[in-house]
Protein chains: 2
Amino acid sequence: MKVARRDPSAFAKRFLPELTVDVVLLSVGDDGRLCTLLSRRNEAPYKGAWALPGVFVGRTETLESAAARALRDKAGIANVFLEQLFTFGDLQRDPRGRVLSVAYYALVPKARFFAATAEIADAAIALLTIPSGDERSGAIHADSAEGRRMKLAFDHDRIIGMAVQRIRGKLNYAPIGFELLPDRFTLLDIQHIHEAVLGRTLNKDSFRRKMLASNLIEDTKQRQIGSAFRPATLYRFKKQEN
Amino acid sequence: MKVARRDPSAFAKRFLPELTVDVVLLSVGDDGRLCTLLSRRNEAPYKGAWALPGVFVGRTETLESAAARALRDKAGIANVFLEQLFTFGDLQRDPRGRVLSVAYYALVPKARFFAATAEIADAAIALLTIPSGDERSGAIHADSAEGRRMKLAFDHDRIIGMAVQRIRGKLNYAPIGFELLPDRFTLLDIQHIHEAVLGRTLNKDSFRRKMLASNLIEDTKQRQIGSAFRPATLYRFKKQEN
DNA sequence: TGAATAGTGTCTATAAGACAATATCCC
DNA sequence: GGGATATTGTCTTATAGACACTATTCA
């Protein structure tokens with residue numbers, strides 16, 4: 001089925017594509033909206049448009065290492081939840097030639113997101129508007145903090161859209177929302193994360209019940225401080241017993 | 001961020017991996033077990049071991065076209081549900097060198113599966129044993145029709161395992177089970193498909209209720225024939241209104 | 001008619017949504 | 001104490017599982 005790599009005749013005919021990794025770094029801002037980090041391109045193609053942080057994959061690194069390197073070099077962020085999303089290989093996705101992109105998505109609490117991304121030149125935070133699951137119409141929109149629509153390079157709108165669809169799906173069966181929260185959080189904090197990801201409001205009572213019954217979080221016996229009213233209990237994500 | 005393709009200095013340094021597509025063609029046999037098609041390798045590495053149908057990706061075909069070509073050429077099957085699964089890029093996954101594999105999974109009704117695969121030389125049907133979701137222990141096993149354990153080449157055990165995990169997850173929110181059924185089927189047929197995929201038995205009453213309430217299937221007003229008892233109503237998958 | 005499975009009706013347990021009542025904090 | 005939100009308790013409704021009962025076919 002496969003031919004030994006050093007067979008020169010087969011090797012000559014073989015197509016070797018260029019390979020990049022692009023990362024959708026997601027967080028949830030104070031306004032309860034999903035946001036991601038984009039870099040402005042200052043060369044063609046798509047000069048002036050906004051692109052996801054990405055790198056070419058090196059010879060001696062895995063796909064995941066390359067994604068982590070993209071995050072570190074282009075977003076100043078390390079040690080976050082990082083998972084493969086999808087591989088984009090359309091023939092015309094890059095006008096320069098055939099370039100495949102293995103897309104990853106990463107999740108990070110807002111404090112780390114805003115602290116790290118504030119340092120990056122030519123980068124900006126994009127507030128995302130994504131049609132909710134039941135709506136067929138409408139594309140992804142990325143807006144700057146000032147409210148300007150950001151034009152996306154390549155097929156990065158599709159990549160971002162798929163990242164959001166993916167975490168929406170995973171939210172229901174994987175403890176993924178906690179990756180977007182700091183160590184200690186209130187029940188309402190988790191609910192806001194879920195609402196931001198799902199793009200719709202949730203019933204508070206049943207959300208609380210389900211979360212408390214999930215065995216995923218534990219009471220820290222601490223209370224929120226600085227609130228002008230009754231402070232909420234702080235919970236933390238429970239390390240899973242193996 | 002990215003450099004123009006024709007820039008010779010950047011191009012020279014760039015790593016161009018070899019790229020294959022492998023397909024997990026899944027069906028459910030008469031015994032209610034998940035099964036897939038494997039080919040025996042007759043060259044090193046993994047000579048004599050069993051591998052998924054796969055091809056190298058050509059210069060002018062998309063990843064999905066390559067996957068469809070692998071299915072057509074190596075399994076004699078076309079026009080089936082086909083979806084990207086994951087991209088495997090570990091450094092050591094192929095002892096000959098760095099070869100990436102974009103894995104796909106395909107679903108086909110058992111009649112087509114067995115009719116097509118009977119014609120393929122050096123191929124065999126593997127009956128799969130996959131640990132259910134809550135069990136952490138245990139790896140994927142592939143057994144021949146005669147009950148012999150089949151040794152899998154490369155990381156194809158991981159690929160198959162991930163394919164099964166994926167369809168298990170999708171079964172709950174996507175009308176994916178119908179891809180494993182013929183045009184007309186009984187409610188019990190669908191249940192058997194779900195049980196095979198999930199690897200556990202389901203409650204008949206609530207499965208029927210949920211399926212009938214789902215608006216995914218419609219009564220054909222036909223009955224099953226040839227049964228030695230009361231024949232079940234035949235349903236068909238309802239084409240979704242757009 | 002009997003065997004065997006299809007399909008219906010109903011009861012119960014559990015989970016979700018609604019909402020009132022009470023608790024706790026800061027000012 | 002007043003304002004505001006957290007937290008608890010309870011009622012109602014929807015859904016899942018259990019199970020008994022009826023229906024239909026072939027031998």
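Values below: all heavy atoms of this structure, side chains included; hydrogens, waters and symmetry mates excluded. Every chain is numbered from 1 and lettered A, B, ... according to where its sequence line falls, protein lines coming before strand lines.
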What I want to find out is whether [X] reaches [Y] closely enough, with some N-O distance under 4.0 Å, to be called a salt bridge.
| X | Y | result |
| --- | --- | --- |
| B:Lys170 | B:Glu83 | yes |
| B:Arg148 | B:Asp143 | no |
| B:Asp90 | B:Arg158 | yes |
| B:Asp183 | B:Arg236 | no |

Any donor-acceptor N or O pair under 3.5 Å, side chains [X], [Y]:
| X | Y | value |
| --- | --- | --- |
| B:Arg33 | B:Thr129 | yes |
| B:Ser39 | B:Asp122 | no |
| A:Tyr235 | A:Glu218 | no |

For [X] and [N], what is the distance between atoms [atom1] and [atom2] respectively, to the nearest whole Å?
| X | N | atom1 | atom2 | value |
| --- | --- | --- | --- | --- |
| A:Arg208 | D:dT8 | CZ | C1' | 9 Å |
| A:Ile225 | D:dA6 | CD1 | P | 16 Å |
| A:His192 | D:dT5 | NE2 | P | 11 Å |
| A:Asp219 | D:dT7 | CG | C1' | 12 Å |
| A:Phe185 | D:dA6 | CZ | C1' | 16 Å |

For nucleotides 19-27 of chain D, 5' to 3', base contacts (B), sugar-phosphate-only contacts (S) and non-contacts (-) with protein non-hydrogen atoms under 4.0 Å give B---BBBS-
5' to 3' on DNA chain C, which nucleotides open and close the contacts with chain B (atom under 4.0 Å from a heavy atom)? C:dA4 to C:dT10
So does B:Asp73 have more than 12 non-hydrogen atoms from other groups sitting under 6.0 Å from CG?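 Atom CG in B:Asp73 is packed in, count exceeds 12.
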Map B:Leu188 and B:Arg209 onto DNA chain C by nearest heavy atom, then report which one ends up closer to the 5' terminus.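 It is B:Leu188, whose closest nucleotide lies nearer the 5' terminus.
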DNA chain C: 5'-proximal contact among A:Lys210 and B:Leu187 (nearest heavy atom): B:Leu187
Starting at CD1 of B:Ile77, measure out to CG of B:Leu82 and round the result to the nearest 0.5 Å.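 Rounded to the nearest 0.5 Å, the CD1-CG separation comes to 11.5 Å.
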Counting the atoms with a prime plus P, OP1 and OP2 as sugar-phosphate, which does A:Thr233 contact under 4.0 Å by heavy atoms, base, sugar-phosphate, or nothing? sugar-phosphate
May I ask you to say what B:Lys204 touches in the nucleic acid, namely base, sugar-phosphate or nothing, with a heavy-atom cut-off under 4.0 Å? sugar-phosphate
